[in-house]
Protein chains: 2
Amino acid sequence: MLSQKQKELIEQIGIYFEQGMQPAAARILALLIVSDQNSFSFDEIRELLKLSKSATSNGINFLLSLNKIEYFTKSGDRKRYFTWNPANTITHFKEGIEKVLGLSILFEKTLKLKEDKDSLNAQKLLELSGLMSFLHKELPIIYKKWEKQYRQLKLKEK
Amino acid sequence: MLSQKQKELIEQIGIYFEQGMQPAAARILALLIVSDQNSFSFDEIRELLKLSKSATSNGINFLLSLNKIEYFTKSGDRKRYFTWNPANTITHFKEGIEKVLGLSILFEKTLKLKEDKDSLNAQKLLELSGLMSFLHKELPIIYKKWEKQYRQLKLKEK
DNA sequence: CTTTTAGTTCTATTTTTGCAGAACTATAAG
DNA sequence: CTTATAGTTCTGCAAAAATAGAACTAAAAG
């Protein structure tokens, strides 16, 4: 069902995802991304990851609420089959970066409160928030550049 | 010593920093960034943030070990005076972004294991790791662009 | 040598997080 | 109506994280 390599990747990717969700949810998401099987039932997830019913249920519902996964049903079968929702993942990735850059706003606010704007502290704060907001402005340009390049790559394939 | 606005910023910035360190350490760092006072002794930090000696000591040493803060001493005074080490902060920020992009390597590894490389799952994985590594390549260019712009800004000031 | 000071380390609590497993619910099938 | 299935929710526990405060240490001052 899962090779050793796949298991390792689930763990490693899971660690990245744990920033922002519980270990169980992180591994469920990693499983749906890594595996070759294109959908998993509740109990399959439960057994593969050796989780309890509650951990599985909570993890799945957490991921559903964030639109990171979705499910479909088969007629004459009560089970739900869960899959990764890759369509939103790029958006989520972009949002993740956006969030980090929210810190620049707090740094700008801090700067405004500074009595001595010429201190090293204030100067560096300006530099840092400057870099952050510069990056923030540049990112959409990068994304466009990539999309263009990516579209051409796809065309070539055909 | 600390205005209401400063206290709020310490809490808010602290929340960002808590990803990666204990709440106490996060607030100590935020304090050193936000305050107008340019250095703080152990006991000043302790009292302002209402921390225990151990929490203060551990927090300070953690931040020192990561080079996020530094200290100086005054002759005829045994205390250490701690300050934010802004010089490294930009480096730390860049490293933080680097780390996130490490996920792209794991996604590439995942892709290699995929039996069906034409599945939506595999395609999106390729797209995602592609975006990530593209961004990774573009970042140094952005940094240079910013540095150039920033240097000109500084020259104008003079 | 004794005392003071600044800070560290150790021990014990408290708080938080995460999960297991049982009890429960809702729905559909028979 | 009864039973089976799929999943949720509740209760409780265990491990980990974070902190408090006391005991301790190192070094300088007197």
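These numbers were taken from a predicted model, which means no experiment stands behind them. Chain letters run A, B, ... following the sequence lines, proteins first and then strands; every chain starts at 1.
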Which nucleotide, D:dA18, C:dT8, C:dC19, lies nearest any side-chain atom of A:S52?
C:dC19

Give the nucleotide from the list D:dA6, C:dG7, C:dA20 with an atom nearest to the side chain of B:F42.
C:dG7

Which of parallel (below 30°), tilted (30 to 60°) and perpendicular (above 60°) describes A:F107 and B:F17?
tilted

DNA chain C: 5'-proximal contact among A:N58 and A:R78 (nearest heavy atom):
A:N58

Got a salt bridge between B:E127 and B:K124, using NZ or NE/NH1/NH2 to carboxylate O under 4.0 Å?
yes

Report the distance from atom CD1 of B:I60 to atom P of C:dG7, rounded to the nearest whole Å.
7 Å

In whole angstroms, the gap separating C1' of D:dA6 from NZ of A:K74 amounts to 15 Å

Roughly how many Å is it from CZ in A:F40 to C1' in D:dG7, rounded to a whole number?
19 Å

Distance-only donor-acceptor test, A:K53 side-chain atoms vs D:dG7 base atoms, 3.5 Å:
yes

Spacing of A:D43 atom CG relative to C:dG21 atom C1', expressed in whole Å:
14 Å

Pair B:Y81 + B:F72: ring centers closer than 6.0 Å
yes

Just to confirm, is there a sub-4.0 Å distance from OP1 or OP2 of D:dT8 to any side-chain nitrogen or oxygen of A:R80?
yes

Heavy-atom count around A:K117 NZ within 6.0 Å, excluding the residue itself: above 12?
yes

Would you mind reading off the distance between B:E47 atom CD and C:dG7 atom P, rounded to a whole angstrom?
13 Å

Assign B:L51 to base, sugar-phosphate, or nothing according to its heavy-atom contacts below 4.0 angstrom with the strands shown.
sugar-phosphate

For atom CZ of A:R46 and atom C1' of C:dA20, their distance in whole Å:
10 Å

Reckon B:N61 touches a base, only the sugar-phosphate, or nothing at all at heavy-atom distances under 4.0 Å?
sugar-phosphate

Please compare A:K79 and B:A55 by the position of their nearest nucleotide in DNA chain D and report the one closer to 5'.
A:K79

Aromatic centroids of B:F82 and B:F40 separated by under 6.0 Å:
no

Distance, rounded to the nearest Å, where B:F82 contributes CZ and C:dT8 contributes C1':
12 Å

Counting only side-chain heavy atoms from C-beta out, which of C:dG21, C:dG7, C:dT9 sits nearest to A:S54?
C:dG21

Among C:dC19, D:dA20, C:dT8, the nucleotide that comes nearest once only the side chain of A:Q22 is considered:
C:dC19

Starting at atom CE of A:M21, determine the distance to atom P of C:dC19, rounded to an integer number of angstrom.
12 Å

